[in-house]
Structure formats: structure tokens, C-alpha cells
Protein chains: 2
Amino acid sequence: MSTGRNEPAPARRTRQRSAVKDGLDRCEGFVSAQELHDRLRRDGQSVGLTTVYRALQALGEGGEVDSLVTDDGETVYRRCSPEHHHHLVCRSCGRTIEIAGPAVETWAHAVASENGFTDISHTLELFGQCGSCTSA
Amino acid sequence: MSTGRNEPAPARRTRQRSAVKDGLDRCEGFVSAQELHDRLRRDGQSVGLTTVYRALQALGEGGEVDSLVTDDGETVYRRCSPEHHHHLVCRSCGRTIEIAGPAVETWAHAVASENGFTDISHTLELFGQCGSCTSA
DNA sequence: GGTGGTTTTGACAATCATTTTCAACAAGCC
DNA sequence: GGCTTGTTGAAAATGATTGTCAAAACCACC
């Protein structure tokens, strides 16, 4: 109780957090916390699994990574641009393309107000087979 | 090996499966397997939790119910119309409205082909605050 | 370059939804 | 009624994620 204030949290920079961030950068598509943990370990960058979870969650809250929940309940993460966007993900190879859909945003808000809903958020993901995987 | 064929599965009708189906009908929005299990139990319709899970999964595969995974990894189910549609869900009370979005379907396919993707599927859910919850 | 107050780490245990196991049971059929 | 086979469900197993808490690392500030 030195300052008398409730400062949010200084956010210290550590080897582990950098490793998680860098590891994520080296991934093509979405990865789960466990996959990333394995990958770091194989690279010799030993980081505790708990820490990977915490780092990813923090990055997610800070808007530096996107996260989504797969059908089988696993949360997967990916480095992303800070603007609002959606994804087009290849079912076979996991390659991911970021999509901006202004039309969809507009539509979503229109539909919502028609039904008396406010404070709208939405999830939208596209899945398919990318060109390389189709021709292969 | 009596028939020599691989018949898919006769699908037997039982008290438990009917109870799950009826229970789901009596729900307003999405419910988790566990919530439904509790509800049935309170109604005196004792059905094992395992069975509730299995019944919901079967109904989902048969297209008779919609399921989606919440942010915290819980799968929730809801009786639905068989046509393709999306949802507008109230964050506070769970009230759910089915939405048809032909424009979105078209847009999704257009964006996909622009990027060389085929065999497209998509997930789209809207969340917000419904009128009743806002005024309350 | 040391020191202290915090934050962060990570091995392990705990939690929680869901699935598997497997013996008892019930549906539909002769 | 009896048979065959799909179904049930209690309990144990699984698997992702989170809580615990002592030890280690960070970052001013001397």
C-alpha cells in the first residue's frame, strides 16, 4: 500500500512472455496452448505450460492475439492484426486468411436493432478447403 | 452377422430419449447438458447424465438440435428448425432468436472463392442485450 | 552493483465438462 | 415367453484449463 492507488498492473517483460509471443509469430495458423508449449520445448525454449496459458490469455485480453474455441472445446490462438476482422481457415492445412467484412458488421447491427437488441458483438468464422489443398 | 450388410443403426425409442427431447422443447434458449440433466431430475424425470450427453449428441448429428461451444468451452444445445440459420442470443437472459441471413451466405461464398477456397462452411452468432433486459 | 518490494514462474494438485467402461436392462422381433 | 442387440447409468478415466504457493526474476531506487 505505497501509492494509495490501485494501479492496474505494470506488466513486466520476461524471457517466457517473449518466447510465447515469438513462438506464436512463427506459426502459420491457429495453435492451442499445448501445441505451442510443445513447440517451444522442442526449440529448447523451456516455458512452463501454466505460463503459456497465462501469457496467451493476457495477450488475448490485450487484443494482440485472436482466440477461438474449436468444436471439441479446445481454445486456439493466433497472432493477428489489431483491427476487427474475421478468418477464413483451411480445414486441411490450417492456413488462415484475415477478412474484413464491413457489410457483415452493418448487417449484424441492423438485424439486432430490428429485434430490439443492443450492445452487439458477434463471432464469424469461415472454413473451407484452400487452393493448394484442393489441387494436391 | 445375420444380414451380411452393415445397417447403420436401428435407433430404438426409449423413455430417456423422449424425456431429453421434450425437456429441450421446454427450454427458451440454449442449455448445457448438465442444466438439462438437472431440470429433468427436478421434474422427476430421472435420466442419467451420461444418457443426456449421448442423446443430445445424437440429436445434434441428426440435425434436430443446434449446438455451439461457449467461450468457456461448454457445449450448449437448443431445439431448432431444420433449415440453415444463425442465432441472436441475449447475453443476460439467454433468449434466442433464429436469423436467416441470405446476404451473409452469399458474401461468405464470394469471399471464399476470391481466395481460392472451396467447400465452404461457416459459423456466425450474434450476442447482445435484448429489449427486456435493457429496460429492466 | 546491491537491495527490497513485487510480479512472475512453474511443478503439482484441483476443477470441470465430457467420454469411456461395462454389467444390468429394456426394445423390438420370433 | 425367450433372444438378440441397442441402451442405460454409476463410477472411473480423460483432457483441457485453472488454482496454489514457494522459489526465482524483474525493476526501480539507493
Side-chain angles (χ1 to χ4, degrees), chain A residues 1-24 30-62 65 67-78, chain B residues 1-24 30-62 65 67-78:
Chain A
M1 233 186 271
S2 51
T3 65
R5 287 276 195 80
N6 258 15
E7 308 285 337
R12 225 165 252 186
R13 99 183 322 278
T14 67
R15 171 181 68 77
Q16 289 87 340
R17 289 215 248 262
S18 313
V20 168
K21 222 166 162 178
D22 292 351
L24 209 51
F30 283 90
V31 280
S32 69
Q34 316 233 21
E35 279 167 4
L36 186 53
H37 174 249
D38 286 351
R39 200 175 288 223
L40 290 175
R41 175 150 295 186
R42 271 197 294 280
D43 288 358
Q45 299 260 25
S46 184
V47 178
L49 179 56
T50 310
T51 303
V52 174
Y53 273 106
R54 275 189 291 233
L56 286 174
Q57 191 168 310
L59 287 171
E61 283 169 6
V65 307
S67 65
L68 57 87
V69 182
T70 64
D71 291 340
D72 56 318
E74 201 178 27
T75 306
V76 289
Y77 303 85
R78 178 171 178 278
Chain B
M1 232 185 274
S2 52
T3 65
R5 288 277 195 81
N6 257 15
E7 309 284 340
R12 224 167 253 184
R13 102 183 320 280
T14 67
R15 169 181 69 79
Q16 289 87 338
R17 290 217 246 260
S18 313
V20 168
K21 222 167 163 178
D22 292 350
L24 208 50
F30 283 90
V31 279
S32 70
Q34 316 232 22
E35 281 168 0
L36 186 53
H37 174 249
D38 286 351
R39 199 175 290 223
L40 290 174
R41 174 152 296 187
R42 270 197 293 280
D43 288 357
Q45 299 261 24
S46 184
V47 178
L49 178 57
T50 311
T51 303
V52 174
Y53 272 106
R54 274 189 293 235
L56 286 174
Q57 192 167 309
L59 288 170
E61 283 169 7
V65 307
S67 65
L68 58 87
V69 183
T70 62
D71 291 340
D72 57 318
E74 199 178 28
T75 306
V76 289
Y77 303 85
R78 177 171 178 279

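None of the values given here were measured: they were computed from a predicted structure. Letters A, B, ... mirror the listed sequences (proteins, then strands); counts begin at 1.
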Q. Distance check: side-chain N/O of A:Tyr53 vs OP1/OP2 of D:dT18, anything under 4.0 Å?
A. no
Q) Could you state the CG-P distance from A:Asp72 to C:dC16, rounded to the nearest angstrom? A) 21 Å
Q: For atom CG of B:Asp72, decide whether the heavy atoms of other residues, nucleotides or ligands shown that lie under 6.0 angstrom number more than 12.
A: yes
(Q) If you compare every side-chain N and O of A:Thr51 against the phosphate oxygens of C:dT8 (OP1, OP2), does one of them come in below 4.0 Å? (A) no
Q) Where the side chain of A:Gln34 is concerned, which of C:dT18, D:dA16, C:dG28 is the nearest nucleotide? A) D:dA16
Q. On a plain distance test, is the side chain of B:Arg17 in donor-acceptor contact with the base of D:dT7 below 3.5 Å?
A. no
Q) CZ of B:Arg12 versus C1' of D:dT7: gap in Å, rounded? A) 7 Å
Q. Of all the choices, D:dC27, C:dA27, D:dT17, which nucleotide is nearest to the side chain of A:Leu49 once you look at every atom?
A. D:dT17
(Q) With a 4.0 Å cutoff (strictly under), does any side-chain N or O of A:Thr75 reach OP1 or OP2 of D:dT17? (A) yes
Q) Which residue, B:Leu40, B:Leu36, B:Val52, forms the side chain to side chain contact (heavy atoms under 4.5 Å, CB included) with B:Leu24? A) B:Leu36
Q: Calculate the interatomic distance between B:Asp71 atom CG and C:dC16 atom C1'; express it in whole Å.
A: 17 Å
Q: Kindly indicate, with the supporting measurements, whether the criterion side chain to side chain contact (heavy atoms under 4.5 Å, CB included) is fulfilled by A:Val20 and A:Gln16.
A: CA-CA 6 Å; A:Val20 168; A:Gln16 289 87 340; 5.7 Å; no
**Q.** Residue A:Asp38 excluded, over 12 heavy atoms near CG under 6.0 Å
**A.** yes
Q. A:Leu56 has an atom CG; how far is it from atom P of C:dT9, in whole Å?
A. 12 Å
Q.
Could you tell me how far apart A:Leu40 (CG) and C:dT9 (C1') are, to the nearest whole angstrom?
A. 15 Å
Q) Looking at C:dA17, C:dG10, C:dA27, which one has an atom nearest to any side-chain atom of B:Glu74? A) C:dA17
Q) C:dG10, D:dG9, D:dG6: which one has an atom nearest the side-chain heavy atoms of B:Arg15? A) D:dG9
Q: With the side chain of A:Arg54 defined as its heavy atoms from C-beta on, choose the nearest nucleotide among C:dG10, C:dT7, D:dG9.
A: C:dG10
**Q.** Whichever of B:Tyr77 and A:Gly48 has its nearest DNA chain C nucleotide further upstream toward 5'
**A.** A:Gly48
Q) What nucleotide among D:dT20, D:dT17, C:dA17 has an atom nearest to a side-chain atom of A:Thr50? A) D:dT20
(Q) Quick check on C:dT18: is either OP1 or OP2 less than 4.0 Å from any side-chain nitrogen or oxygen of B:Gln57? (A) no
Q: Taking only the side-chain nitrogens and oxygens of A:Gln16, find out if one of them lies under 4.0 Å from OP1 or OP2 of C:dT8.
A: no
Q | Steps toward side chain to side chain contact (heavy atoms under 4.5 Å, CB included) verdict (A:His37, A:Arg41) | A | CA-CA 6 Å; A:His37 174 249; A:Arg41 175 150 295 186; 3.8 Å; yes
Q: Figure out the CZ/C1' separation between B:Arg13 and D:dT5, and round it to whole Å.
A: 18 Å
